[in-house]
Amino acid sequence: MDSIGAVGLQQREGFPSCSQKGLPCPSDSSELVLECLQQFKVTQTQLQQIQTSLLGSMEQALGGQASSASAVRMLPTYVGSTPHGTEQGDFLVLELGATGASLRVLWVTLMGTEGHRMEPRSQEFVIPPEVMLGPGQQLFDFAAHCLSEFLDAFPVSTQDLQLGFSFSFPCHQTGLDRSTLISWTKGFRCSGVEGHDVVQLLRDAIKRQGAYSIDVVAVVNDTVGTMMGCEPGVGPCEVGLVVDTGTNACYMEEARHVAVLDEDRGRVCVSVEWGSFGDDEALGPVLTTFDHALDQESLNPGAQRFEKMIGGLYLGELVRLVLAHLAQQGALFGGCTSPALLSRGSILLEHVTEMEDPLAGAARVHAILQDLGLSVGTSDAELVRYVCTAVFTRAARLCGAALAAVLSRLQHSREQQMLQIAVATGGRVFEQHPSFLSILQETVMLLVPECDVSFIPSVDGGGRGVAMVTAVAARLAAHRRLLEETLAPFRLNREQLAAVQAQMQEAMAKGLRGEASSLRMLPTYVRATPDGSERGDFLALDLGGTNFRVLLVRVTAGGVQITSQVYSIPECVAQGSGQQLFDHIVDCIVDFQQKQGLSGQSLPLGFTFSFPCRQLGLDQGILLNWTKGFNASDCEGQDVVCLLREAIGRKQAVKLNVVAIVNDTVGTMMSCGYEDPRCEVGLIVGTGTNACYMEELRNVASVAGDSGHMCINMEWGAFGDDGSLGLLRTCFDANVDQASINPGKQSFEKMISGMYLGEIVRHILLHLTSLGVLFRGQQTQRLQTRDIFKTKFLSEIESDSLALRQVRAILEDLGLPLTSDDALMVLEVCQAVSQRAAQLCGAGVAAVVEKIRENRGLEELTVSVGVDGTLYKLHPHFSGLVAATVRELAPRCAVTFLQSEDGSGKGAALVTAVACRLAQMDHV
Ligand code: 0WK
Ligand code: BGC
Ligand code: BGC
């Protein structure tokens, strides 16, 4: 079998013995020719070696370990699916590089599934050699000029022209419309392009041309265009194979196998760029002296070695070098050469195709050789045909071995031994040289006999395929624009945030003066932060966050020990009667006391009650209104300490001494203040949001005295309830507010806190689905369900360590049928919503610390903020964005954010301890 080359060659071509032809037997010549052509024979073993080595190089590059320059590149193309056939629209296509010294402009109309197939209109433009070797700008200007010449010639509506750019060179793609040229191949060597985004270069040239506004929405390798251009009826083709001036292939690889992509589902089209395969080990033995000579004289010596044995740009040159060599050996043309025969590029692909084509007949071969100034002997034509056949046959076989490597890769990645696959073929070598495909097919059957491969010639060189990709890109680009339009109101700039800060400072001042303001600025009767002298055992309750907690807090000289238990507050209790709610609270206390062996003990109790209360004293707090999903009846307007004491009264067994009621912001400030005395601000960003801070008593109109400080509970959740946040409010905020149990209330909270962010995201996803941007426009029941999109999903989806695949997993658990583009868009929606929340929160904190700085007439203020709340603590970027916004808006305040470790229960106990200490001093 090894000598399949020689035998086949003769049998294939009926190599008549000289005696059979009655010609004087220039046996020496033909022997010389055959001997010379021996080196073009590639044995089956060598083909297998090439297949194996190319497969190895492919898998290395897929794994991201491309070893050497001679490896194949395996470039992801951002084409994630073969055509659905639903693509519609009119598209411009510009093809550059596939067919050597010419570019082609096409107008392609896609009719979707219904419509019949429309013939693309196209025009070819020859690229002057100086343009192929000159400055890149000149090449792209030439392309832009051809585009407008084409549009001048073809009266098409020039509205919103969308263009697909088929750029047939190795490129690193970072998007469907972003592609950086790695290196030129085939006869191109323009300066200032390698390492640059070729789409931007084309856009700039079209702008310079200024004749038409053309939107370049996709850049595609010609192999991808060929694959995508496959008639849906016959395909789908999952391999695209081009042999024109150059050669290359692409195929649909499992996304999870492409290391550079963070994908685990679906497939992605990978451009193999096998032209650069040049593994000396595998190719060394088949590279001939002619190949080395051709490479040395080429524009890119040492590069594209594999391509230079197969591509149409080189086959003519190989034949010329062989003919010149044989002529110089006297085996051809009577040992005479000619200037044409000795000049590079004088024999083109077309010449070889003709000379090799048995139908062309000897006369045609004579004519071509005579045009080259050669005196053609009787047997020369036949011998020249042998040379052409040898060069072609080798090219077809090598291409077959390379395709066999791609098919083996597909067998591996799909764990399918029996692979059935359709390969789209394109390029003039296929079109002009029918036996190229049959030799290639034969080689493929030899090397991967278990693969059932059908070859589908691309109908128009891939123009339609490029238009298909462009249609997909146009759809994605349109979706991206709709996504940007939808998210734009969430992208707040410095001016908008500074305006929120200023509005909040103004509302704070009004609230303190007791004027109408959406900020109630409630005095808390906490006059000082702990000084460390507190001592004793205290009970604390923590109601209003995600969990209701009962705590035993022991304050000693050595510090604070906390024992606590979490109890749930069922929604029916939180929204039942007030008596039911407070009885439930007392039941939990009793349960806790029993478990802690405290039954019967009457410990001082601090009650963290995280709702707006007008306090009349440390142990008197009138509930102004419920928030955060609480709505127990008969409580608003009541003193909640009384409600608790009544509940205690109803439960005979318990004796409790309720000493203080504090807001969770105050508890958090006190808890952190115990460690850091500079902590004078408390911030909660959890289910709800709010802040408190130490205000100068003289500024608190509702409390007598003008020296010292008073902690003020701002209740900033209600900021904007007077409409002052109207400019920032989106329709999605309005949807969430409308659906809440307290519409029109807690505006600021509903743009920031954990109870609402998930809902805002859900409403945006519903909107984008209705626009067809997400989930292919399919509204799912799940997504219509309130609160189905938890705010914790934002924290999970935005976590840097979470690959897109995990994002998809979260969303699929929600029963959302999504593509990877969908997952990316959902991630962007989450980022926009949480970023706005963090920035608004930061603007609020900036207002508070600036107020303190101005209160104290300080140039610089150093202050700490005690923070608690699930959203702030768990979201991967929230705290960082808050701090960054504060630095931006309050540059004269050095603000340290202290995450509270023990929650505000400890703070409530400390407030109670201070109250007890002060009470003892009063009794002394
Ligand atoms: C933990 C505090 C509690 C506060 C809560 C807020 O101990 O007082 O209400 O943080 O965070 P959330 O639980 O609402 O996320
Ligand atoms: C390029 C490929 C292209 C092939 C066929 C090669 O020189 O590197 O990107 O697909 O030619 O045109
Ligand atoms: C309440 C505040 C509380 C905040 C954080 C808001 O809904 O009105 O009192 O501090 O949530 O829990």
Please tell me whether [X] and [Y] have a donor and an acceptor in their side chains that are separated by less than 3.5 angstrom.
X: S747; Y: D721; answer: yes
X: N742; Y: K628; answer: no
X: D868; Y: T668; answer: no

| said: What verdict does the side-chain contact (heavy atoms from CB on, under 4.5 Å) test give for F165 and T470, after you've listed the backbone C-alpha separation in whole Å, the side-chain angles of each residue and the deciding distance to 0.1 Å? | reply: CA-CA 8 Å; F165 184 20; T470 311; over 6 Å; no
| Should R475 and H479 be marked as a side-chain contact (heavy atoms from CB on, under 4.5 Å) after you check the CA-CA gap, both sets of side-chain angles, and the distance that decides it? | CA-CA 6 Å; R475 187 179 65 226; H479 287 178; 3.7 Å; yes
| message | Rounded at 0.5 Å granularity, tell me how far CG in L840 sits from CG in L728. | response | 6.5 Å
| note | When rounded to the nearest 0.5 Å, the distance separating OG of S834 from CD1 of I752 is 12.0 Å
| message | Run E254 and R414 through side-chain contact (heavy atoms from CB on, under 4.5 Å) and show every step you take. | response | CA-CA 8 Å; E254 305 301 316; R414 298 181 188 183; 3.5 Å; yes
| query | For R729 and D737, what are the C-alpha separation, side-chain angles and deciding distance, and is it a salt bridge (Lys or Arg N to Asp or Glu O under 4.0 Å)? | reply | CA-CA 10 Å; R729 201 172 142 86; D737 181 44; 3.4 Å; yes
| said: Please determine whether side-chain hydrogen bond (donor to acceptor under 3.5 Å, both in side chains) holds for the pair Q200 and D204, giving the CA-CA distance in whole Å, both sets of side-chain angles, and the decisive distance to 0.1 Å. | reply: CA-CA 6 Å; Q200 197 49 49; D204 298 347; 2.8 Å; yes
| What are the two closest heavy atoms between M714 and V848, and how far apart are they? | SD-CG2, 3.3 Å
| query | Which heavy atom in S753 sits nearest to a heavy atom in G686, and how many Å separate them? | reply | CB-O, 3.4 Å
Could you point out which residue of [options] forms a side chain to side chain contact (heavy atoms under 4.5 Å, CB included) with [X]?
X: Q173; options: V199, V224, V219; answer: V219
X: L794; options: V761, L827, V826, L871; answer: V761
X: L92; options: L163, V466, D215, V217; answer: L163

| message | With side-chain hydrogen bond (donor to acceptor under 3.5 Å, both in side chains) as the criterion, how do H875 and E798 come out once you've worked through the C-alpha distance, each side chain's angles and the decisive distance to 0.1 Å? | response | CA-CA 8 Å; H875 190 284; E798 291 180 60; 2.9 Å; yes
Do [Y] and [X] meet the salt-bridge criterion of a basic N to acidic O distance under 4.0 Å?
X: E484; Y: R480; result: yes
X: E888; Y: R494; result: yes
X: R836; Y: D733; result: yes

| query | What do the steps show when you test E901 against K873 for salt bridge (Lys or Arg N to Asp or Glu O under 4.0 Å), and what is the final call? | reply | CA-CA 10 Å; E901 297 318 322; K873 283 183 165 176; 5.0 Å; no
| message | Using the rule given for salt bridge (Lys or Arg N to Asp or Glu O under 4.0 Å), can you reason through K790 versus E759, listing the C-alpha separation, both sets of side-chain angles and the distance that settles it, and then say yes or no? | response | CA-CA 7 Å; K790 303 284 178 234; E759 271 298 279; over 6 Å; no
| remark: Exactly one of H257, E253, E238 clears side chain to side chain donor-acceptor pair (under 3.5 Å) with R267, and that residue is E238
